[in-house]
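Heavy atoms only: backbone and side chains are in, while hydrogens, waters and symmetry mates are out. Along the sequence shown, the residues carry numbers beginning at 1.
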Amino acid sequence: MSKWFAGLNLTAIALGASMLASTLWGVWATHKLLDLQKREVVTVQLSRIMGEFIQAEARAGRPPEETKSRVQAYLQAVQASVQRLSRDGRTVLVAEAVVAGSTPDFTAAVRADVAHRMGALPDAQP
């Protein structure tokens with residue numbers, strides 16, 4: 001005994017819904033894949049940026065509590081800067097992990113952005 005709904009076989013309705021869902025998923029997946037192809041891959045020399053800052057802080061001779069808070073603020077600024085690059089459509093790779101290739105180096109841009117973010121802290125730039 002077959003079941004009917006609004007004059008249509010329930011099996012046909014389920015099959016049609018499944019086909020529609022598959023088509024919509026395919027459209028969505030294709031859109032996401034094309035968005036990934038548009039992303040620019042860039043590198044940032046994070047260890048170099050962080051090393052320079054840590055060396056500058058070590059030479060400054062500040063109390064440990066102040067140094068710790070400045071390093072935390074610097075880490076947050078670096079993270080925010082890298083996240084901004086990601087939101088702008090870039091995939092950010094740590095330069096030290098890239099073996100070969102010709103990806104653009106955004107180290108200078110991150111350094112400048114971090115310096116701008118740290119502007120409220122005196123002597124933030126190394």
Side-chain angles (χ1 to χ4, degrees):
M1 183 167 131
S2 62
K3 301 208 178 209
W4 294 82
F5 177 76
L8 296 172
N9 184 328
L10 288 181
T11 304
I13 292 173
L15 184 59
S18 173
M19 290 173 57
L20 178 63
S22 296
T23 301
L24 291 175
W25 178 84
V27 168
W28 174 81
T30 301
H31 175 70
K32 291 298 179 186
L33 287 172
L34 291 175
D35 281 348
L36 285 176
Q37 285 182 342
K38 294 177 189 173
R39 292 186 70 85
E40 179 183 19
V41 177
V42 300
T43 59
V44 175
Q45 297 176 9
L46 289 178
S47 66
R48 184 169 148 200
I49 292 173
M50 293 303 301
E52 291 171 355
F53 180 78
I54 298 297
Q55 286 177 359
E57 285 299 304
R59 287 189 302 262
R62 293 185 179 85
E65 299 81 24
E66 183 181 348
T67 300
K68 181 180 176 183
S69 68
R70 290 174 60 83
V71 168
Q72 287 175 342
Y74 194 81
L75 286 172
Q76 289 174 348
V78 168
Q79 182 177 7
S81 181
V82 170
Q83 285 176 345
R84 180 171 159 230
L85 287 175
S86 180
R87 280 192 310 272
D88 290 346
R90 294 182 178 93
T91 299
V92 181
L93 301 176
V94 178
E96 294 80 8
V98 177
V99 176
S102 60
T103 58
D105 185 2
F106 271 62
T107 303
V110 169
R111 183 181 287 121
D113 187 51
V114 169
H116 175 74
R117 292 173 189 273
M118 296 288 292
L121 296 175
D123 303 318
Q125 294 81 7

Hey, could you give me the [atom1]/[atom2] distance between [X] and [Y], rounded to the nearest 0.5 Å?
X     : Y      : atom1 : atom2 : answer
Arg48 : Asp105 : CZ    : CG    : 7.5 Å
Thr91 : Leu85  : OG1   : CG    : 10.5 Å
Ile54 : Arg59  : CD1   : CZ    : 11.5 Å
Thr30 : Trp25  : OG1   : CH2   : 8.0 Å
Glu57 : Tyr74  : CD    : OH    : 9.5 Å

Just so I know, are the side chains of [X] and [Y] near enough to count as touching, which here means a heavy-atom distance under 4.5 Å?
X     : Y      : value
Met50 : Leu75  : yes
Met19 : Leu15  : yes
Thr67 : Val71  : yes
Ile49 : Val114 : no
Val82 : Phe106 : no

Looking at Pro104 and Glu40, what are the two nearest heavy atoms and their distance? CG-OE2, 3.5 Å

Hey, quick one: are Val44 and Val94 part of the same hydrophobic cluster, counting side-chain heavy atoms closer than 4.5 Å, chains of contacts allowed? yes

Looking at Thr107 and Gln45, would you say the former's side chain and the latter's main chain have a donor-acceptor pair under 3.5 Å? yes

Taking everything shown except Arg90 itself, do over 12 heavy atoms lie less than 6.0 Å from its CZ? yes

